[in-house]
Amino acid sequence: MNHIINNQEEKKTPVNFIHQIIDEDIRNKKHNGTVHTRFPPEPNGYLHIGHAKSICLNFGTAQKYNGLCNLRFDDTNPAKEDVEYVDSIREDVHWLGFDWANREYYASDYFEQIYEYAVKLIAKGKAYVCDLTAEEISINRGTPTKAGIESPYRNRTIDENILLFQEMRAGKYKDGEKVLRAKIDMASPNMHMRDPVLYRIIHTDHHRTGNKWCIYPMYDFAHGQSDSIENITHSICTLEFEVHRPLYDWFVKELEIFAPQQIEFARLNLTYTIMSKRKLLQLVQEKLVKGWDDPRMPTICGLRRRGYTPESIRNFAEIIGVAKRDNMIDVALLEHCIREDLNKKAQRVMAVLNPLKVIIDNYPDNKTEDTDAINNPEDETMGKRKVPFGKEIFIEREDFMEDPPKNYYRLSVGKEVRLRYAFYIKCLSVVKNSQGEIVEVHCTYDPETKGGSSIDKRKVQGTIHWVSAKDAVDAEIRLYDRLFTKENPDEAEEGKDFKSYLNPDSLKVINGKLEPFLKTAMAGDKFQFERIGYFCADKDSTTNKLIFNRTLTLKDSWAKEEKKNK
RNA sequence: UGUCCGAUGGUGUAACUGGCAACACAUCUGAUUCUGGAUCAGAAGAGUCUAGGUUCGAAACCUAGUCGGACAACCA
């Protein structure tokens with residue numbers, strides 16, 4: 001029985017093309033049916049939602065096929081890399097919910113082995129030391145439509161090459177003076193096969209190997225070999241490496257080592273978001289955001305601070321699928337994923353962000369009482385709490401209107417609404433200041449409606465949230481919105497760049513009134529402020545100052561309605 | 001005037017590998033509701049880039065074209 005259900009479920013979930021390839025490999029008993037993947041970040045920046053897609057794919061694939069997934073740092077360029085990034089990457093992958101046990105590897109762990117591979121290539125007459133400058137090499141490489149020309153150093157003897165390469169390693173030469181190149185084909189239609197550089201000289205300390213090396217392998221000469229050393233069966237990467245695959249395979253063949261299979265998929269693009277590490281770094285360095293973990297950033301740490309859950313991000317990665325065509329996914333889908341998750345989990349609470357004072361004229365002057373509020377209507381096990389009620393309360397300014405449109409359910413003079421979990425109140429009058437702004441609303445309450453329902457079952461159209469003025473807790477609320485105003489900020493018009501489309505309203509800081517339950521909120525705690533949105537306590541909070549980040553608003557069909565009428 | 005890759009509703013992903021396009025998001029109705037949330041029911045929206053071909057039958061296979069992307073760091 002169980003079996004049948006599982007089968008049906010499997011049919012329902014579409015199998016992406018990578019898993020189809022793996023299924024086929026397993027059928028053919030390739031690698032004895034085992035699957036071993038890796039997630040290979042370069043520690044030169046923080047991970048973002050695009051990496052999350054890759055992480056979920058690599059670790060998820062290993063899980064699905066009962067295989068393993070390594071975490072491997074691709075640290076072959078000491079000039080750009082740093083331990084700060086290593087630490088953040090570790091933290092983010094863990095937070096997303098994946099574990100690599102003791103399989104934390106570094107390409108730099110393999111430098112000695114990779115060096116030996118290079119020597120082997122030289123010995124086979126398949127690599128040579130070249131004295132051309134970077135610029136000369138670039139010119140000689142030709143263009144995609146024009147063949148390159150061979151380096152004058154291409155035909156050095158094997159012995160000479162071995163010696164020179166040893167000397168490079170020994171530090172005899174300055175940065176840029178010599179490189180080791182593969183000897184392949186300067187006329188290849190694939191630019192990457194035109195005698196690519198294998199090793200370059202960089203006299204810079206490496207975050208792990210210190211000053212042990214002054215020559216470092218290039219990506220192409222390190223990545224595939226690292227995969228091979230780790231017995232990676234399926235080396236999953238993004239589309240731009242597709243043209244590198246012939247070179248990847250060439251090294252494996254010439255070196256006669258274990259052959260992983262490189263498979264490429266399309267990277268994630270999100271509307272109203274930039275994903276380039278370089279551009280994200282620019283936002284941080286130019287202080288256009290407050291750091292890598294600014295809640296507006298698409299970084300994992302930014303999303304975490306914004307209030308996203310790992311589950312929601314994993315679910316998102318699952319839903320968007322994996323394919324080879326370029327894509328631009330609507331952020332609304334990401335937002336749907338977090339709403340769906342938080343709706344099930346978030347503690348409900350009442351908070352007033354734009355307070356308007358309401359005085360209940362017929363409520364006894366010094367009385368206070370508790371009302372019972374449900375913590376999460378989606379999850380009974382979360383129980384109830386007490387919310388204090390009194391003569392003076394705050395309600396949301398938007399929940400009162402002097403001349404409301406016909407389908408306005410909320411409070412206005414002469415109308416009755418329900419205060420959530422408390423009483424029905426009816427508005428009598430308003431008090432205005434000299435500018436004509438409403439400063440107070442006077443109401444009467446019906447003592448027979450405690451808890452929020454009346455004995456006579458009379459209907460009220462609206463239910464609004466409130467906070468007892470006397471008991472309210474003040475808090476700073478950071479209202480975040482999308483960082484860019486343009487769907488694709490990378491597609492800049494003439495004379496503009498992505499920064500021209502930064503949303504000036506991506507952060508608004510206000511002060512709100514919260515129900516006292518929130519007093520003890522800890523950084524990272526997530527709540528639904530009823531009728532407003534999802535919020536989470538920020539790490540900037542202190543014992544005497546609470547700070548909340550808005551993760552996102554609730555869906556608001558009234559706002560939609562209002563927009564339509566305009 | 002190169003090589004490689006791709007093209008299915010607004011967006012993304014499917015289609016048991018040849019049997020007349022499904023799911024999710026978004027959109028719009030309606031029901032329901034002590035959150036204008038959630039939930040439930042429903043609607044609209046593509047005939048699969050184009051042209052040929054193979055076939056009883058093509059989104060799928062073949063050919064040509066069109067459009068889009070990647071590739072000319074001593075970056076990854």
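Chain identifiers are assigned alphabetically (A, B, ...) following the order of the sequence lines, protein sequences preceding nucleic acid strands; residue numbering begins at 1 within each chain.
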Output the single nucleotide from B:C5, B:G2, B:A38 whose closest atom is nearest the side chain of A:T145.
-> B:G2

Among the nucleotides B:G6, B:U35, B:G36, which one has an atom lying closest to any side-chain atom of A:Y409?
-> B:G36

Between [N] ([atom2]) and [X] ([atom1]): distance, integer Å:
X: A:E340; N: B:G37; atom1: CD; atom2: P; value: 16 Å
X: A:I319; N: B:C23; atom1: CD1; atom2: P; value: 15 Å
X: A:N315; N: B:U13; atom1: CG; atom2: C1'; value: 14 Å
X: A:M328; N: B:A7; atom1: CE; atom2: C1'; value: 16 Å

Which is true for [X] with a 4.0 Å heavy-atom rule: it touches a base, it touches only sugar-phosphate, or it touches nothing?
X: A:R194; result: nothing
X: A:F316; result: nothing
X: A:V322; result: sugar-phosphate
X: A:R410; result: base
X: A:E264; result: nothing
X: A:E335; result: nothing
X: A:Y216; result: nothing
X: A:P377; result: base

A:R531 (side chain) and B:G36 (base): donor-acceptor pair under 3.5 Å = no

Distance-only donor-acceptor test (3.5 Å): side chain A:Q528, base B:U35 = yes

Can a side-chain donor-acceptor contact be found between [Y] and [X] if the only test is distance below 3.5 angstrom?
X: A:S188; Y: A:N190; result: no
X: A:H465; Y: A:R348; result: no
X: A:T133; Y: A:E135; result: no

Value rounded to 0.5 Å, distance of CG in A:L353 from CD1 in A:I477 = 5.5 Å

Taking the same atom, P, in B:A26 and in B:U32, what whole-Å distance lies between them?
-> 23 Å

Pairing stems for RNA chain B [at least three consecutive pairs; Watson-Crick or G-U; under 3.5 angstrom] | B:2-7 with B:66-71, B:10-13 with B:22-25, B:27-31 with B:39-43, B:49-53 with B:61-65

Distance below 4.0 Å between A:K324 side-chain N/O and B:A7 OP1 or OP2 = no

Using a cut-off of strictly less than 4.0 Å, decide whether A:K555 has a side-chain nitrogen or oxygen near OP1 or OP2 of B:A38.
-> yes

Per-nt protein contacts along nucleotides 67-76 of chain B (heavy atom under 4.0 Å; B base, S backbone sugar-phosphate only, - none) come out as --SSSBSBSB

Which of A:F251, A:Y248, A:F241 passes ring pair (Phe, Tyr, Trp, His ring centres under 6.0 Å) with A:Y219? It is A:F241

